[in-house]
**Q** 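Provided herewith is a single structure, encoded as structure tokens, for subsequent inquiry.
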Amino acid sequence: MKKDGRLVFRKLVKPVKAAMKNVKKQNSRKKQELNPDPTGIRTWEQYELSACLEDNLQNLRAVFRDAGDFFIREFTIGTNEPVKAAVLFFEGLNDKKLVVDAILKPLILEMREIPPELWAKAPIRVIRERILCSTDLNELTEWNQVIERVLDAEVVLLVDGSPVALALGAKEWEARGVMQPENEATVRGPRHSFNETLRTNTALLRRIIKSPLLKTESLYIGRHTRTHVVLAYLERLVDEDVLAEVHRRLSRIEIDGVLESGYLEELIEDNPYSPFPTMEISERPDKVAAAILEGRIAIMTDGTPVTLIVPTLFVQFLEASEDYYLRYPTSIIVRFLRLLVLNAALLLPSLYVAVTTFHQEMIPTPLLISIAGAREGTPFPALVEALLMELAFETLREAGLRLPRVVGQAVSIVGALVIGEAAVRAGLVSSAMVIVVAFTGIASFALPSYTMASGLRLLRFPMIIMAGFLGLYGILLLSLWILIHLMSMRSFGVPYLSPISPSNYREVIRMLLMRAPWWAQTERPRVIGHQDSRRQVEGLKPRPPKR
């Protein structure tokens, strides 16, 4: 009986539940009809423009309601049979004088000379071919195109009786000029850098690479910001698989807005939990052009001077633009110096802690006596001493970056001197530890890549802790883990530790250990530019003339 009652109850309840689900679905559909865009802005993607100007303007006023900077200028065209028209733009994003001189005056004054029968057949075609002289003209037929073009600082022209609109370029806003690079300064080389205007950046790139093979593909990312992103590459040189992977990763991004290229970097990088960057960044047009000439891809974002370069190898973070402008013997010496600096920035404090704590027999006797005398009276072990000094140094570094430039430099330099001297006099730390930490900080500043130096700064703390507990064995274990991690990493499918692993001794010598002279660089790096490995002809080595 109980089972029969349950079955009857279920049979009665099932239709009720189904009816409730239908009601919920109908309510959700009604809400979607009222708000077709979940972000709160109607996209009108399935709607085409109306031939009635008044209906179009009414819909536009509804879309841009409460927008005080949205401007609609209505006027009439022609004298015999006047036709209503309107231009739409945002005040502050467009040049009003250009709108008046290049759009309104020709339409109002010069339309008198157009025959009425020609105007009646195709008004938009007559305006485009006989009236307006702008080089940036595009026909729009859908609402989403009109809204996107107006938000992208273009002027849109609507004419009564025509379901087609015209978008005209008349952008004007305050922009920073082309200045010297602040984060990648060089003694010899170009003095200009990218700025926050994307078209200025692409023009700077075009000035360097004057080739029709240079392609610039445009994307728009962000539901609200609609940030303009450009992919720049050389058509016959880029790896098609890498380019397809870049397209795939960018196309899957669904986010409210992109304010800087760092947003894209975190959304498309290969190893998001790794302290090592898998994408190179630069604000120098010459460096980006050199990467493109090697077969790589530049990702340029509107609103920021920083450009992303993919794919990237570990050894490229040890290179600077100036290496290829100075004579190659100097560049070779600097390369070896950077290799020493790289190891010092990561291992020097931990080596000091390990040797002074566990392996005193490895230190020469005079130096051991000097270090012991300096450490006499210090209340903390070497591990705590190193961590405190590193934290103090990192705090001073951050304070110097966040304060105004003039004040920040003074605070970082004076603060380091005062705190270091006071700590030594008070007996809190030894003078040897102050020297080690100071030299480590200088070594991290000597690296050409700020992102790589930041990753080494993060790894320095676990390295010190491992050295404090296990000595040199702890340093060895963590170094092996870092090496295995680097060997397993990829940058858009390219092995991150190439040409070290997989090994190519010729590439190791040419890319890591030394900078070959330009007359010997006949081939591009094979791991990236394998589509066309030939860079230049052979036999370019200069020779003195024969008498």
Side-chain angles (χ1 to χ4, degrees), residues 180-181 183-193 205 207-211 234 237 280-296 298 307 309 311-345 442-453 494 496-546:
Q180 293 189 15
N183 300 323
E184 297 175 89
T186 58
V187 177
R188 181 176 178 178
R191 292 290 190 271
H192 54 269
S193 67
L205 201 57
R207 284 181 58 187
I208 301 175
I209 305 177
K210 303 178 182 67
S211 171
L234 281 175
L237 194 58
E280 192 175 3
I281 63 173
S282 178
E283 59 180 357
R284 296 182 61 93
D286 58 329
K287 186 173 182 178
V288 175
I292 292 175
L293 290 173
E294 288 182 349
R296 295 195 278 170
T307 299
I309 303 172
T312 301
L313 308 180
F314 177 81
V315 297
Q316 290 170 340
F317 290 103
L318 302 178
E319 300 176 357
S321 300
E322 202 170 19
D323 294 353
Y324 297 92
Y325 302 146
L326 298 175
R327 297 185 69 250
Y328 71 93
T330 306
S331 300
I332 293 173
I333 296 173
V334 173
R335 285 280 178 91
F336 279 104
L337 180 62
R338 289 201 189 111
L339 289 174
L340 295 176
V341 161
L342 174 70
N343 291 282
I442 295 171
S444 63
F445 286 135
L447 292 173
S449 174
Y450 178 77
T451 54
M452 178 59 68
V494 178
Y496 187 62
L497 212 57
S498 298
I500 302 172
S501 175
S503 59
N504 186 333
Y505 298 107
R506 185 179 178 184
E507 296 285 335
V508 169
I509 295 174
R510 191 174 62 176
M511 295 181 62
L512 179 61
L513 299 180
M514 61 178 292
R515 197 275 282 181
W518 273 114
W519 43 262
Q521 296 190 32
T522 58
E523 295 181 352
R524 294 184 178 89
R526 290 186 177 273
V527 69
I528 296 175
H530 59 85
Q531 301 291 327
D532 183 10
S533 60
R534 179 64 60 183
R535 188 200 298 268
Q536 61 195 28
V537 298
E538 296 182 359
L540 294 180
K541 182 180 178 181
R543 292 178 176 86
K546 295 181 180 179

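The figures here come from the full heavy-atom set of this structure, side chains too, leaving out hydrogens, waters and symmetry mates.
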**Q** Locate the shortest heavy-atom distance separating I292 from A298; write the atom from each residue and the value.
**A**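 Closest pair (atom of I292, atom of A298, distance): CD1-CB, 4.1 Å.
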**Q** Please examine the side chains of R515 and R327, heavy atoms only from C-beta on, and report whether any two atoms are closer than 4.5 Å.
**A**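 In short, these two side chains do not touch, never coming nearer than 4.5 Å.
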**Q** State the NZ-CD1 distance between K287 and I208, to the nearest 0.5 angstrom.
**A**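 One gets 13.5 Å once the value is rounded to the nearest 0.5 Å.
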**Q** Let me confirm one number: the CE-CG distance from M514 to D323, rounded to the nearest 0.5 Å.
**A**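 Here the interatomic distance stands at 12.5 Å.
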**Q** Rounded to the nearest 0.5 Å, how far does CG of L342 lie from OG of S444?
**A**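 Going from the OG atom of S444 to the CG atom of L342 covers 11.0 Å.
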**Q** Sequence neighbours left out, what passes side-chain hydrogen bond (donor to acceptor under 3.5 Å, both in side chains) with S449? Give chain and number order.
**A**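 Partners of S449 by the side-chain hydrogen bond (donor to acceptor under 3.5 Å, both in side chains) criterion, ordered by chain and then number, come out as T451.
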**Q** Distance alone, cut at 3.5 Å: any donor-acceptor contact between the side chains of S282 and E184?
**A**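 Side-chain D/A pair, S282 to E184: present.
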**Q** Do I281 and T307 make a side-chain contact, defined as non-hydrogen atoms from C-beta onward lying under 4.5 Å apart?
**A**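 Side chain of I281 against side chain of T307, heavy atoms only: no contact under 4.5 Å found.
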**Q** Distance-only, no hydrogens or angles: does the R284 side chain make a donor-acceptor pair with backbone N or O of P190 under 3.5 Å?
**A**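 Such a contact is found between R284 side chain and P190 backbone.
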**Q** Using a 4.5 Å cut-off on heavy atoms from C-beta on, say whether the side chain of L234 contacts that of E294.
**A**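 E294 does not reach L234 side chain to side chain.
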**Q** With a cut-off of 6.0 Å (strictly less than), are more than 12 heavy atoms of other residues, nucleotides or ligands near CZ of R207?
**A**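 No, CZ of R207 has 12 or fewer neighbouring heavy atoms, counting only those of other groups under 6.0 Å.
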**Q** Holding to side chain to side chain contact (heavy atoms under 4.5 Å, CB included), I want the full list of residues that pass it with A453, two or more places apart in sequence or in another chain.
**A**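 For A453, the residues satisfying side chain to side chain contact (heavy atoms under 4.5 Å, CB included) (neighbours in sequence not counted) are L447.
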**Q** Indicate whether any N or O donor in one side chain lies under 3.5 Å from an N or O acceptor in the other, for Q536 and R524.
**A**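 Absent: no donor and acceptor within the cut-off.
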**Q** Taking only residues two or more places apart in sequence, or in another chain, which ones meet T522 in a side-chain hydrogen bond (donor to acceptor under 3.5 Å, both in side chains)?
**A**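 In terms of side-chain hydrogen bond (donor to acceptor under 3.5 Å, both in side chains), with neighbours along the sequence ignored, T522 is linked to no residue.
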**Q** After noting the C-alpha distance and the side-chain angles of T312 and R296, does the key distance pass the side chain to side chain contact (heavy atoms under 4.5 Å, CB included) rule?
**A** CA-CA 8 Å; T312 301; R296 295 195 278 170; 4.0 Å; yes
**Q** Who pairs with W519 by ring pair (Phe, Tyr, Trp, His ring centres under 6.0 Å), at least two apart in sequence or on another chain?
**A**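 With neighbours one apart ignored, the set is empty.
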**Q** With sequence neighbours left out, write down each residue that passes side-chain hydrogen bond (donor to acceptor under 3.5 Å, both in side chains) with S331, or none if nothing qualifies.
**A**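 side-chain hydrogen bond (donor to acceptor under 3.5 Å, both in side chains) check on S331 returns nothing, list empty.
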**Q** Run the side chain to side chain contact (heavy atoms under 4.5 Å, CB included) test against A344 and tell me which residues pass, sequence neighbours left out.
**A**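 Checked A344 against side chain to side chain contact (heavy atoms under 4.5 Å, CB included); matches are F439, A443.
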**Q** For P499, what residues pass the side chain to side chain contact (heavy atoms under 4.5 Å, CB included) criterion, not counting sequence neighbours?
**A**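 Here the qualifying residues are V315, N504, E507, V508, M511.
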**Q** Write out all pairs satisfying salt bridge (charged side-chain N to carboxylate O under 4.0 Å, His left out) with one or both partners inside residues 312-322, taking only residues at least two apart or from two chains.
**A**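 Salt bridge (charged side-chain N to carboxylate O under 4.0 Å, His left out) check on residues 312-322 returns E319-R335.
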**Q** Quick one: side-chain hydrogen bond (donor to acceptor under 3.5 Å, both in side chains) partners of Y325, sequence neighbours excluded?
**A**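 Partners of Y325 under the side-chain hydrogen bond (donor to acceptor under 3.5 Å, both in side chains) test: D286.
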**Q** Output all residues satisfying side chain to side chain contact (heavy atoms under 4.5 Å, CB included) with P544, sequence neighbours left out; order by chain, then residue number.
**A**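 Listed in chain order: nothing, the list is empty.
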**Q** Decide ring-ring contact (aromatic ring centres under 6.0 Å, His included) for W518 and Y324; before the verdict, give the C-alpha distance in whole Å, the side-chain angles of both, and the deciding distance to 0.1 Å.
**A** CA-CA 8 Å; W518 273 114; Y324 297 92; 5.7 Å; yes
**Q** Is the shortest side-chain heavy-atom distance between L313 and L497 below 4.5 Å?
**A**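 No, too far: nothing below the 4.5 Å cut-off.
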**Q** Is there a donor-acceptor contact under 3.5 Å from the side chain of R188 to the main chain of L326?
**A**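 No.
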**Q** Rounded to the nearest 0.5 Å, what's the gap from OG1 on T186 to CZ on R191? Could you check?
**A**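 One finds 5.0 Å between OG1 of T186 and CZ of R191.
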**Q** Mark yes or no for whether S501, through its side chain, and S498, through its backbone, hold a donor-acceptor pair below 3.5 Å.
**A**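 Flag not set: sc S501 to bb S498 has no pair under 3.5 Å.
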**Q** So, using ring pair (Phe, Tyr, Trp, His ring centres under 6.0 Å) as the criterion, who are the partners of F317 when residues are at least two apart?
**A**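 Partners of F317 under the ring pair (Phe, Tyr, Trp, His ring centres under 6.0 Å) test: none.
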**Q** Keeping N343 on the side-chain end and L340 on the backbone end, is there a donor-acceptor pair under 3.5 Å?
**A**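 Checking the backbone N and O of L340 against the side chain of N343, no donor-acceptor pair under 3.5 Å is found.
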**Q** Which residues pass the salt bridge (Lys or Arg N to Asp or Glu O under 4.0 Å) test with E283, not counting sequence neighbours?
**A**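 Testing E283 for salt bridge (Lys or Arg N to Asp or Glu O under 4.0 Å), a comparison that skips the adjacent residues, returns none.
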**Q** Looking at CD1 of I333 and OH of Y328, how far apart are the two atoms once the value is rounded to the nearest 0.5 Å?
**A**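 With rounding to 0.5 Å, CD1 (I333) is 11.5 Å from OH (Y328).
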**Q** Rounded to the nearest 0.5 Å, what separates atom CD in Q521 from atom CG in L540?
**A**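 The CD atom of Q521 sits 11.5 Å away from the CG atom of L540.
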**Q** If you take all heavy atoms of R543 and K541, which pair is closest and at what distance?
**A**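 Smallest interatomic distance, heavy atoms only, reads NH1-O, 3.4 Å.
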**Q** Going by heavy atoms in the side chains, are H192 and P285 under 4.5 Å from each other?
**A**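 Of all side-chain heavy-atom pairs linking P285 with H192, at least one is under 4.5 Å.
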**Q** Could you walk me through whether L339 and L513 satisfy the side chain to side chain contact (heavy atoms under 4.5 Å, CB included) test, starting with their C-alpha distance in whole Å, then the side-chain angles of each, then the deciding distance to 0.1 Å, before giving a yes or no?
**A** CA-CA 9 Å; L339 289 174; L513 299 180; 4.1 Å; yes
**Q** Apply the test side chain to side chain contact (heavy atoms under 4.5 Å, CB included) to residues V341 and I442: give CA-CA distance (whole Å), side-chain angles for both, the deciding distance (0.1 Å), then the verdict.
**A** CA-CA 9 Å; V341 161; I442 295 171; over 6 Å; no
